[in-house]
Amino acid sequence: MESKFCVLNDTEDLQTLISNTEKSLQFERSKTLFEEIRASINNNDEEDRSFWRPVLPWGGVYTIRAGRKAISCTPLYVKINLKNTCTIDGFLMILYVILRDNQSFPREVGVFLGKQFVEHFLYLMDSYDYTTVKMLWIWDRMSKRQYRSTVHRAALEIDLFGNEHENFTKNLENLMSTMQESLCTNWSCPARFQEFIKRTININPPHELPHRDPIQSAVDEFFCPKILLCKELGCDGLREFSQRVFCHGPPPFVILNMQQWKSEELSYVPYHLALSQHRYSLEGATLFNKEEHHYSAAFQIDGYWMHYDGLRNDNLILLHKPPELLLLSSLVYIRASDKFTFADFIKLSPVSSSKE
C-alpha cells in the first residue's frame, strides 16, 4: 500500500498552501470571524447560547495535489485525514481571539512566528478554512517527531494524539523565552557561571498554601532570585541565581502550564498577574477531560466567557457556569498596556475561578 503513495514534501506543500492563500489575501471580507462571534454575543438571548456556525471542528480532511514526484503515483491528489487535533485546536482558537482583539499583537507575534504565517493564519480563520489552518500549523510550526503519519485506507493519516503543550506551546519559538544567570561562590567550581534559558513557563504548586494567591506565588517563585547548593560534581559552593527576565521583553501573551496542579489547589484564579514587573490579564484557559483524553478551551470576549469544544456540534457556546469534570491544563494571560507597579499589586484581589 505504501509504495503506491509518493512521499509528500512538507516544504513544497507549505509553499503551495501559502501561495494559494496569497492569491486570496487581496480580497477583504466584510466581517471577520471575530466580529461575527462578537455580534453573536451581543445579539444572544438566554435560550440560544451557541454561535451560529461550527468553529474549528475536531479532525479534518485536507486534499493536496502531489508534486512532480506524483507522475507515477496514483492518485495525483492525496487526501490527508487529521485525527486528535484537540491538542492544537483550543490554542489555535485562543490565539485567533488574542490576535484579533489586540491591534498591535499580530505584528509582535509575527516577529517570532513570521509575518507571513500570522497573515495567512488570520485570513484562513476568517475564511472558515479550518482544516487548512491546522495544516498550516502542522507544516509550519511542528516537527515530524511531534505527530504520527501513516497510510490508512488509501489516505495519509496525521494523528496529533498527545499533549497540547508539546504540540502547541513548545512551538511558539522564543516568544516566552526567559533567562536566568547563576554564579557559584566557589572559585574552583568547574562551571562557575551558567545561563539558563527556558522557552515555556512551567509553574509548580506550592508545598504549603501561601497567605496570598497560590498562582501569583508560583509565578514569583519562577522569576525570583534564589540561592541553592551547587550541583556541579565535586563542588560544595552555593549557587546564586539572578532575577529571571524575558529574553525579548515582555511577550504579548503568556501560557502557564498548569498540568501539575490539583483542583483543590486552584480555588482561586487571579484575573490580574504580575510577571517580571509587567501586568497581565486573564484571557483564556485550556481544559482537559481525563476520561476521554480530550482538550477544550475557554476564552473571553468583551467580558463574556465562551467554551469551545471541537467535538460538539454547537462547539462554541456562552458560559453561564464553569464546565464540569474538566481539569485545568493551562492559563493564558495577555499583556496589559500599562506597566505593573507595586501600587497595582496591593490593589489586586484574587478572582474565584467559578466567577463568570
Query raised in the report: Do M142 and L160 pass the side chain to side chain contact (heavy atoms under 4.5 Å, CB included) test, and can you show the C-alpha distance, the side-chain angles, and the key distance before you say yes or no?
Result: CA-CA 10 Å; M142 297 180 68; L160 300 183; 4.0 Å; yes
**Report entry** Backbone N/O of G59 and side chain of T85: donor-acceptor pair under 3.5 Å
**Finding:** yes
Query raised in the report: Step by step, would you call K226 with E221 a salt bridge (charged side-chain N to carboxylate O under 4.0 Å, His left out)?
Result: CA-CA 9 Å; K226 60 195 73 173; E221 176 67 21; 3.8 Å; yes
**Report entry** Side-chain donor/acceptor of R335 to backbone N/O of H278, under 3.5 Å
**Finding:** no
Query raised in the report: Run the side chain to side chain contact (heavy atoms under 4.5 Å, CB included) check on I317 and R312 step by step: do they pass?
Result: CA-CA 10 Å; I317 64 173; R312 285 194 307 248; 3.6 Å; yes
Requested in this report: For the pair Y96 (side chain) and L33 (backbone), establish whether a donor and an acceptor sit closer than 3.5 Å, ignoring hydrogens and angles.
Outcome: yes
Query - Side chain E119, main chain Q116, donor-acceptor under 3.5 Å - result: no
Query raised in the report: Would you say the side-chain atoms of T169 and T200 include a donor-acceptor pair closer than 3.5 Å?
Result: no
Query raised in the report: Has the side chain of H165 got a donor or acceptor atom that lies under 3.5 Å from a matching backbone atom of N163?
Result: no
Query raised in the report: Honestly curious: do L82 and Y128 fall in one hydrophobic cluster under the side-chain, below-4.5 Å linking rule?
Result: yes
Query raised in the report: Do V109 and F117 come within less than 4.5 Å of each other through their side chains, counting heavy atoms only?
Result: no
Query raised in the report: Going through the checks in order, is the side chain to side chain contact (heavy atoms under 4.5 Å, CB included) test met by L172 and M176?
Result: CA-CA 8 Å; L172 291 172; M176 295 186 295; 4.1 Å; yes
Query raised in the report: Can you find a pair of side-chain heavy atoms, one from L229 and one from R239, that are under 4.5 Å apart?
Result: no
Query raised in the report: Do N315 and L56 have side-chain heavy atoms sitting under 4.5 Å apart?
Result: no
Requested in this report: Taking the six-membered ring for Trp and the full ring for Phe, Tyr or His, determine whether the centres of Y271 and Y280 are under 6.0 Å apart.
Outcome: no
**Report entry** Polar side-chain atom of N289 near backbone of E292 as donor-acceptor pair, under 3.5 Å
**Finding:** yes
Query raised in the report: How many angstroms lie between OH in Y308 and CG in D89, if you round to the nearest 0.5 Å?
Result: 3.5 Å
Query raised in the report: Has Q243 got more than 12 heavy atoms of other residues, nucleotides or ligands less than 6.0 Å from its CD?
Result: yes
Query raised in the report: More than 12 foreign heavy atoms under 6.0 Å from CD of Q103: is that the case here?
Result: no
Requested in this report: Assess whether atom CG of L228 is packed by more than 12 heavy atoms of other residues, nucleotides or ligands within 6.0 Å.
Outcome: yes
Requested in this report: Fit a plane to each ring of Y62 and W139, take the angle between them on a 0 to 90° scale, and name the class: parallel (under 30°), tilted (30 to 60°) or perpendicular (over 60°).
Outcome: perpendicular
Query - Ionic contact status for R192 with E232, cut-off 4.0 Å - result: no
Query raised in the report: Can you name the closest pair of heavy atoms from A274 and D220 and give their distance?
Result: O-OD1, 4.3 Å
Report task. Could you give me the CA-CA distance, side-chain angles and deciding distance for R100 and D126, then say whether salt bridge (charged side-chain N to carboxylate O under 4.0 Å, His left out) is met? Result -> CA-CA 10 Å; R100 277 291 181 228; D126 290 333; 2.4 Å; yes
Query raised in the report: Any ion pair linking E181 and R244 (charged N to carboxylate O, less than 4.0 Å)?
Result: no
Query raised in the report: How many angstroms lie between OG1 in T131 and NZ in K134, if you round to the nearest 0.5 Å?
Result: 6.0 Å
Query raised in the report: Are R148 and E157 within salt-bridge range, i.e. N to O under 4.0 Å?
Result: no
Requested in this report: Could you tell me whether the side chain of Q259 and the main chain of S330 form a donor-acceptor pair under 3.5 Å?
Outcome: no
**Report entry** Nearest non-hydrogen partners of A298 and L319, listed with the distance
**Finding:** CB-CD1, 4.2 Å
Query raised in the report: Just by modelled atom types, is the N167 backbone N or O under 3.5 Å from a matching donor or acceptor in the N171 side chain?
Result: yes
Query raised in the report: Out of curiosity, I255 CD1 to K170 NZ, how far, rounded to the nearest 0.5 Å?
Result: 13.0 Å
Report summary line: Here the pair of heavy atoms bringing L331 nearest to A285 is CD2-CB, 4.0 Å
Query raised in the report: Do L275 and I201 come within less than 4.5 Å of each other through their side chains, counting heavy atoms only?
Result: yes
**Report entry** Option among I158, D159, I88 that satisfies the side-chain contact (heavy atoms from CB on, under 4.5 Å) test with Y147
**Finding:** I158
Report task. May I ask you to say whether R38 pairs ionically with D101, meaning some side-chain N is under 4.0 Å from a carboxylate O? Result -> yes
Requested in this report: Would you give the length of the straight line joining atom CG of L287 to atom NE2 of H294, rounded to the nearest 0.5 angstrom?
Outcome: 10.0 Å
Query raised in the report: Where is the tightest heavy-atom contact between A39 and K31, given as atom of each residue plus distance?
Result: CB-NZ, 4.2 Å
**Report entry** pair N102-I98: side-chain heavy atoms closer than 4.5 Å
**Finding:** yes
Query raised in the report: Heavy-atom distance under 4.5 Å between the side chains of C235 and C189, does that happen here?
Result: yes
Query raised in the report: Do you reckon I41 sits in the same ILVMFWY cluster as L282, going by side-chain contacts under 4.5 Å, direct or chained?
Result: yes
**Report entry** Side chains of I37 and Y304 in contact at under 4.5 Å (non-hydrogen atoms)
**Finding:** no
**Report entry** K115, NZ atom: more than 12 neighbouring heavy atoms under 6.0 Å
**Finding:** no
Report task. Please round to the nearest 0.5 Å and tell me the distance separating atom CD1 of I334 and atom CZ of F299. Result -> 13.0 Å
Query raised in the report: Same cluster or not: are F288 and L328 linked, directly or through other Ile, Leu, Val, Met, Phe, Trp or Tyr residues, by side-chain heavy atoms under 4.5 angstrom apart?
Result: no
Requested in this report: Decide whether S177 and R199 meet the rule of one side-chain donor and one side-chain acceptor closer than 3.5 Å.
Outcome: no
**Report entry** Same apolar cluster: I203 and L327, side chain cutoff 4.5 Å
**Finding:** no
Query raised in the report: Do we see a donor-acceptor contact under 3.5 Å between the side chains of Q300 and E283?
Result: yes
Requested in this report: Fit a plane to each ring of H293 and Y295, take the angle between them on a 0 to 90° scale, and name the class: parallel (under 30°), tilted (30 to 60°) or perpendicular (over 60°).
Outcome: perpendicular
**Report entry** P57 to Y130 - nearest heavy-atom pair and separation
**Finding:** CD-CD1, 3.8 Å
Query raised in the report: Shared ILVMFWY cluster between F34 and V118, side chains joined below 4.5 angstrom?
Result: yes
Requested in this report: Side-chain contact test, heavy atoms from C-beta onward, threshold under 4.5 Å: evaluate it for V245 versus T178 and give yes or no.
Outcome: no
Query raised in the report: For S182 and E195, what are the C-alpha separation, side-chain angles and deciding distance, and is it a side chain to side chain contact (heavy atoms under 4.5 Å, CB included)?
Result: CA-CA 6 Å; S182 74; E195 188 177 86; over 6 Å; no
Requested in this report: Would you tell me whether R279 and H272 have side-chain atoms, one donor and one acceptor, within less than 3.5 Å of each other?
Outcome: yes
Requested in this report: Using modelled atom types only, decide if a donor and an acceptor are shared between the side chain of D213 and the backbone of Q216 within a distance under 3.5 Å.
Outcome: yes
Report summary line: All heavy atoms of W261 vs all of P206, minimum pair found to be CH2-CD, 3.7 Å
Requested in this report: Keeping the roles fixed (side chain from Q180, backbone from F241), state whether a donor-acceptor pair exists under 3.5 Å.
Outcome: no
Query raised in the report: Relative to the ring of W137, is the ring of F168 parallel (under 30°), tilted (30 to 60°) or perpendicular (over 60°)?
Result: parallel
Requested in this report: First locate atom CG of L318, then atom CD1 of I301, and finally report the distance between them rounded to the nearest 0.5 Å.
Outcome: 9.5 Å
